[in-house]
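Inspection log for the structure reproduced underneath, given as structure tokens.
Residue numbers start from 1 in every chain, and the chains themselves are labelled A, B, ... in the order their sequence lines are given, proteins ahead of strands. All of these numbers come straight from a predicted model, not from anything done at the bench.
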2 protein chains.
Amino acid sequence: MSDKLTFTLHELVQVLDQSADSLLTSKYGVTGSQFVFLATLEDVEPTDVTTLAECLGVSKAAVSKRVPSLADAGWITTADDPHHKRRVVLTVTQRGRDLVERAGRDLDAQFTALFQHPAAAGLDPRLLKDQLNTLISILRQNGPLS
Amino acid sequence: MSDKLTFTLHELVQVLDQSADSLLTSKYGVTGSQFVFLATLEDVEPTDVTTLAECLGVSKAAVSKRVPSLADAGWITTADDPHHKRRVVLTVTQRGRDLVERAGRDLDAQFTALFQHPAAAGLDPRLLKDQLNTLISILRQNGPLS
DNA sequence: ATCCAAGTGTTAACTGGTTGACATGTCCGA
DNA sequence: TCGGACATGTCAACCAGTTAACACTTGGAT
């Protein structure tokens, strides 16, 4: 019973990610994880590797390894910080900003359409989000394992 | 707004998985993904690599690569199918079955306790699961990208 | 009976994550 | 001022997933 919910949760994020990924790949030529990287960076740019890693919830090393290919592809740029020689300052290129703006709008439209489906009659996205956030805060409060 | 829900969803499964993983690691000496492997296999054993891969939602190759270490660790056994020389039949060992039974009960208890927290007053796990399943079926129905 | 398509599992090369070690840079306190 | 603690990014080694190619088995159609 109970563990079925966690199963359902995993299933939902899987199908959601897959749906987003296929839209992004076919229409915009980026993977889902690339989009998340760019959208997150755009939200906090200009910033450094460490801060972006925290925002993405991954390690510094993971970000560090992805930077070269994204820069080569023209999505982001790297610059030196005149005040700190080891710092690498990351920004999104104009092309990257355009992508995030257009694709983000597209994804948003697809997602809101979900809730306008007849089968989703009694479903309020805001309420749902609140419930999930409640669970998150309880879990965080409990500590790693209770 | 809308995409915040997908963000919340990812955050919830992350903290949930992390919580389960720390319990499993500290009390039972397996990772979360090993537990999922064993619990899933136990549900359909005896079975072959291909079927288990489908049940786990991963590729055959991923299962094939994990089998040797799990067998070495004494969690599963591999056997030949007398009717099909290429088939590898997988089963959980008694030790594995015990683990799944005990750890599964433990996880279940932790999880139901979540919903008995005062902050989770208006939260019905069954209702929540139904809502998530509704979203899944709409997404599946829409096809990969709508 | 034979042959070919489909099924089954393994391997190689790749992706993207982890941790731990490391070199280097910054900055504060003695 | 200078010495050590901390910050910062990169590297190596590893883990676990992917797809594509492969070798082998099975079984049915001709």
Not counting sequence neighbours, list each pair that qualifies as a salt bridge (charged side-chain N to carboxylate O under 4.0 Å, His left out) and has a residue in residues 51-78 of chain A. none
Contact boundaries on DNA chain D for chain B, cut-off under 4.0 Å to non-hydrogen atoms: dG17(D) to dT26(D)
Positions of residues 81-88 of chain B (non-hydrogen atom under 4.0 Å from DNA chain C), listed by number: H84(B), R86(B), R87(B), V88(B)
[X] side chain to [Y] main-chain N or O, any donor-acceptor pair under 3.5 Å?
| X | Y | answer |
| --- | --- | --- |
| H10(B) | T6(B) | yes |
| Q34(B) | T31(B) | yes |
| T93(B) | G74(B) | yes |

Note: K85(B)-D80(B) ion pair, threshold 4.0 Å (strictly below): no
Under a 4.0 Å N-O cut-off, is there an ion pair linking E101(A) with R105(A)? yes
For [X] and [Y], which heavy atoms make the closest approach, and how far apart are they?
| X | Y | answer |
| --- | --- | --- |
| A120(B) | F115(B) | CB-O, 3.8 Å |
| D106(A) | K27(A) | OD2-NZ, 3.1 Å |
| E42(B) | V100(B) | OE1-CG1, 3.4 Å |

Scan side-chain atoms only and decide if D48(B) and T51(B) contain a donor-acceptor pair under the 3.5 Å cut-off. yes
The single option from I138(A), N133(A), T134(A) that satisfies side chain to side chain contact (heavy atoms under 4.5 Å, CB included) with I136(A) is N133(A)
Pairing residues for P46(A) by the side-chain contact (heavy atoms from CB on, under 4.5 Å) criterion, not counting sequence neighbours: V89(A), T91(A)
Quantified as the angle between the terminal helix axes (five pairs each), what is the overall bend of the helix from dA1(C)-dT30(D) to dA30(C)-dT1(D) to 10 degrees? 10°
Can you check nucleotides 15-19 of chain C for protein contacts, nitrogen or oxygen pairs under 3.5 Å, and list what you find?
unit_1, atom_1, unit_2, atom_2, d
dG17(C), OP1, R66(A), NH1, 3.3
dG17(C), N7, K65(A), NZ, 3.2
dG17(C), O6, K65(A), NZ, 2.7
dT18(C), OP1, S59(A), N, 3.3
dT18(C), OP2, S59(A), N, 2.8
dT18(C), OP2, S59(A), OG, 2.5
dT18(C), O4, K65(A), NZ, 3.1

